[in-house]
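Read through the structure below, which is laid out as structure tokens, and then see the notes.
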Amino acid sequence: MRALVTGGAGFIGSNLADRLLSEGATVRVFDNLSTGFQDNVPADAELFEGDIRDEAAVRAAVTGVDVVFHHAAHRAVLQSVENPLSTDMANTHGTLLVLKAAHDAGVRRVVAASSSSVYGGAEQLPTPESAPLIPRSPYAVSKLAGEHYCRVWSELFGVETAALRYFNVYGPRQRPDSAYAAVIPLFTNALRTGVRPVVHGDGLQSRSFAYVDDVVDANLAAAEAPAGSCSGKAYNIAGSRSYTLLELLHELGEILGVEPAPEHTAPRTGDVRHSSADLSAAARDLGWQPKVTLAEGLRRTVEWFALRSG
Ligand SMILES: NC(=O)c1ccc[n+]([C@@H]2O[C@H](COP(=O)([O-])OP(=O)(O)OC[C@H]3O[C@@H](n4cnc5c(N)ncnc54)[C@H](O)[C@@H]3O)[C@@H](O)[C@H]2O)c1
């Protein structure tokens with residue numbers, strides 16, 4: 001397979017690029033290195049440094065490719081609230097450019113990273129893909145727009161597409177030091193350095209955490225599943241069950257051999273109380289299900305933190 005990974009210098013994209021290479025694919029990475037790092041790009045991948053909003057650059061990157069794994073995006077919800085136009089340009093417009101260029105270049109399939117945020121806090125738990133879609137941030141709107149563009153390009157132009165709604169992905173290369181860091185790298189860093197982890201609210205809110213290797217598996221499955229069953233659709237990609245933040249802290253504490261003493265602050269406005277994914281559609285159409293338990297995924301994540309800090 002000749003693969004293009006947009007956002008391939010980032011957390012998820014670079015893990016995917018590594019796996020594609022190890023499975024014999026030719027890999028090109030397209031990234032503007034805004035939140036990604038050149039060090040993440042595997043040596044055997046070809047790096048196209050460019051912006052996903054730049055049509056000529058995107059056209060050059062998709063030339064000669066079989067499958068595009070589209071991950072380049074502004075991924076932070078808060079950033080999208082502060083700066084909605086730039087999120088929309090990168091995420092909505094960027095996805096449209098990728099689809100248009102992919103169609104013109106004869107790309108077989110586009111697998112696009114979407115997000116559980118498209119549900120906006122569903123009442124039905126676990127949440128199936130058919131639940132109401134009520135995005136509650138510019139980021140979530142941009143991800144839903146990207147999904148619709150994928151479906152429309154599949155229906156109108158025959159570009160095979162699949163969108164993957166990720167729920168809280170974690171694992172090696174997810175950094176604790178960005179302005180919009182996610183909860184697992186923040187908790188891991190705090191517990192490793194003897195700082196009290198900050199928990200917004202009572203910590204009984206729950207999330208489904210997807211280990212990055214499972215997310216990579218889902219991408220490979222989405223690239224190969226029969227178009228008749230998956231093209232134009234969106235799938236939940238998550239861990240096998242949900243955990244409260246206090247349970248997450250407990251698991252991390254066990255691995256690191258420390259007793260977490262969280263500092264509770266006010267709940268964050270707009271935070272969803274519970275989130276959990278119905279994974280039956282991905283199992284049925286993509287033949288995918290998560291394999292890595294939270295304890296195992298956290299163990300590997302902690303190992304990466306230890307290696308990184310030497
Ligand atoms: N991490 C999660 O929990 C999660 C959850 C839901 C969805 N997603 C989606 O998965 C994808 C990857 O997320 P991630 O967590 O690896 O984030 P990341 O920030 O590590 O990766 C995004 C990559 O895109 C690149 N990029 C950003 N803007 C660009 C632009 N204008 N042109 C070219 N490249 C650009 C960045 O440099 C970075 O390498 C994103 O589409 C994100 O919305 C992630």
Side-chain angles (χ1 to χ4, degrees), residues 4-18 28-41 45 47-55 57-58 60-61 68-80 83 85-98 110-119 135 137-147 150 163-186 207-212 214-216 218-219 222 234-239 275 277 297 301:
L4 170 68
V5 183
T6 74
F11 158 50
I12 301 171
S14 66
N15 278 284
L16 174 60
D18 277 344
R28 185 179 291 160
V29 161
F30 184 87
D31 203 296
N32 70 351
L33 304 178
S34 54
T35 55
F37 299 87
Q38 192 150 355
D39 283 357
N40 284 345
V41 179
L47 173 63
F48 273 39
E49 201 176 323
D51 199 295
I52 207 72
R53 296 164 291 192
D54 176 348
E55 183 165 3
V58 172
V68 177
F69 297 92
H70 177 44
H71 284 72
H74 289 193
R75 60 147 185 84
V77 172
L78 279 179
Q79 181 189 15
S80 82
N83 206 340
L85 282 178
S86 80
T87 293
D88 189 72
M89 285 299 289
N91 297 10
T92 313
H93 188 71
T95 301
L96 179 54
L97 281 183
V98 166
V110 176
V111 178
S114 184
S115 159
S116 60
S117 64
V118 298
Y119 296 115
S137 67
Y139 169 78
V141 169
S142 74
K143 285 287 157 181
L144 184 54
E147 282 190 11
C150 285
L164 304 179
R165 291 178 185 160
Y166 301 155
F167 285 62
N168 304 282
V169 188
Y170 73 102
R173 299 205 186 122
Q174 189 177 33
R175 303 184 51 122
D177 49 4
S178 97
Y180 306 101
V183 66
I184 289 184
L186 285 176
R207 297 288 180 271
S208 178
F209 299 101
Y211 187 64
V212 69
D214 281 330
V215 171
V216 166
N219 274 270
Y235 295 96
N236 290 340
I237 301 298
S275 166
T301 304

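Just so it is clear, the structure is predicted and the values come from calculations on it, not from any experiment. Each ligand, and each atom within it, is numbered from 1 in the order the structure gives. Nothing fancy with the numbering, it's 1 onward along the sequence.
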Practice problem: Decide if the gap between the ring center of Phe167 and the ring center of Phe209 is smaller than 6.0 angstrom. | Solution: no
Quiz item: Do any nitrogen or oxygen atoms of Lys143 come within less than 3.5 Å of a nitrogen or oxygen of ligand 1?
Solution: yes
Exercise. Number the atoms of ligand 1 from 1 as they appear, then name those within less than 4.0 Å of a heavy atom of Gly50, with their elements.
Key: 32 (N), 33 (C)
Exercise. Mark up the atoms of ligand 1 that fall under 4.0 Å of a heavy atom belonging to Ala9, in ascending order.
Key: 39 (O)
Exercise. Work out which heavy atom in Ala9 is nearest to a heavy atom in Val41; give both atom names and the distance.
Key: CB-CG2, 3.7 Å
Quiz item: Will you find, in the side chains of Tyr119 and Asn236, an N or O donor that is under 3.5 Å from an N or O acceptor?
Solution: yes
Quiz item: With no hydrogens and no angle check, is any side-chain donor or acceptor of Thr6 less than 3.5 Å from a backbone partner on His71?
Solution: yes
Quiz item: atom 5 (C) of ligand 1: which of Tyr166, Phe30, Phe69 has the nearest heavy atom?
Solution: Tyr166
Exercise. Say whether, by atom type as modelled, one donor and one acceptor occur between the side chain of Lys143 and the main chain of Ala113 under 3.5 angstrom.
Key: yes
Practice problem: Taking only heavy atoms of Gly10 into account, list the atoms of ligand 1 that are under 4.0 Å away from them. | Solution: 20 (O), 21 (O), 38 (C), 39 (O)
Quiz item: Which atoms of ligand 1 sit under 4.0 Å from any heavy atom of His74?
Solution: 28 (N)
Quiz item: Identify the closest protein heavy atom to atom 26 (N) of ligand 1: which residue and atom is it, and at what distance?
Solution: Asn32 OD1, 3.4 Å
Quiz item: Looking only at protein heavy atoms, which one is nearest to atom 1 (N) of ligand 1, and how far off is it?
Solution: Ile12 CD1, 3.8 Å
Quiz prompt | Ser14 OG to Gln38 CD distance, which is reported to the nearest 0.5 Å | solution = 12.5 Å
Practice problem: Would you check if the side chain of Ser208 reaches a backbone N or O of Gly239 as a donor-acceptor pair within less than 3.5 Å? | Solution: yes
Quiz item: For atom 15 (O) of ligand 1, what's the nearest protein heavy atom and its distance?
Solution: Arg75 CD, 3.4 Å
Quiz item: Under 4.0 Å from ligand 1, counting heavy atoms only, is it the side chain of Phe167, its backbone, both or neither?
Solution: neither
Practice problem: Quick one: look at Leu33 and ligand 1, take heavy-atom pairs under 4.0 Å, and tell me if it's side chain, backbone, both or neither. | Solution: backbone
Self-check item: Thr87 vs Asn91, side chain to side chain donor-acceptor pair (under 3.5 Å): CA-CA, chis, key distance, verdict
Solution: CA-CA 6 Å; Thr87 293; Asn91 297 10; 5.4 Å; no
Practice problem: Taking the six-membered ring of Tyr180 (Phe, Tyr or Trp), confirm whether the NZ or CZ of Arg75 is under 6.0 Å from its centre and within 45° of its axis. | Solution: no
Self-check item: Axial cation check for Phe37 ring with Arg173, 6.0 Å and 45° limits
Solution: no
Quiz item: Given Glu49, His71, Gln38, which has its nearest heavy atom closest to atom 12 (C) of ligand 1?
Solution: His71
Self-check item: Heavy-atom nearest neighbour of atom 31 (N) of ligand 1 within options Val29, Asp51, Thr35
Solution: Asp51
Quiz prompt | Contacting atoms of ligand 1, where contact means under 4.0 angstrom from a heavy atom of Ser114 | solution = 6 (C), 7 (C)
Practice problem: Can you figure out which of Ala72, Gly13, Ala140 has its heavy atom closest to atom 24 (O) of ligand 1? | Solution: Ala72
Self-check item: Contacting atoms of ligand 1, where contact means under 4.0 angstrom from a heavy atom of Asn168
Solution: 3 (O)
Quiz prompt | Distance from atom 37 (O) of ligand 1 to nearest protein heavy atom, with residue and atom | solution = Asp31 OD1, 2.6 Å
Quiz item: For atom 20 (O) of ligand 1, what is the nearest protein heavy atom, given as residue, atom name and distance?
Solution: Phe11 N, 2.9 Å
Self-check item: Minimum-distance protein heavy atom relative to atom 43 (O) of ligand 1
Solution: Tyr139 OH, 2.7 Å
Quiz item: Of the choices Val169, Val183, Thr6, which has the non-hydrogen atom that lies closest to atom 4 (C) of ligand 1?
Solution: Val169
Quiz item: Out of Ser86, Gly7, Ser34, whose heavy atom sits nearest atom 27 (C) of ligand 1?
Solution: Ser34
Practice problem: Give yes if a backbone or side-chain nitrogen or oxygen of Ile52 is under 3.5 Å from a nitrogen or oxygen of ligand 1, and no if not. | Solution: yes
Self-check item: Donor-acceptor pair, side chain of Asn219 and main chain of Val215, under 3.5 angstrom
Solution: yes
Quiz item: Which ligand 1 atoms, with their elements, are less than 4.0 angstrom from a heavy-atom of Ala113?
Solution: 9 (C), 10 (O), 11 (C), 41 (O)
Quiz item: Where is the tightest heavy-atom contact between Gly10 and Asn40, given as atom of each residue plus distance?
Solution: O-ND2, 4.0 Å
Quiz item: At a 4.0 Å threshold, what atoms of ligand 1 neighbour a non-hydrogen atom of Gly36?
Solution: 36 (C), 37 (O), 38 (C), 39 (O)
Quiz item: Would you find a donor on one side and an acceptor on the other, under 3.5 Å apart, between the side chain of Arg28 and the backbone of Leu47?
Solution: no
Exercise. Decide whether Ser80 and His74 meet the rule of one side-chain donor and one side-chain acceptor closer than 3.5 Å.
Key: no
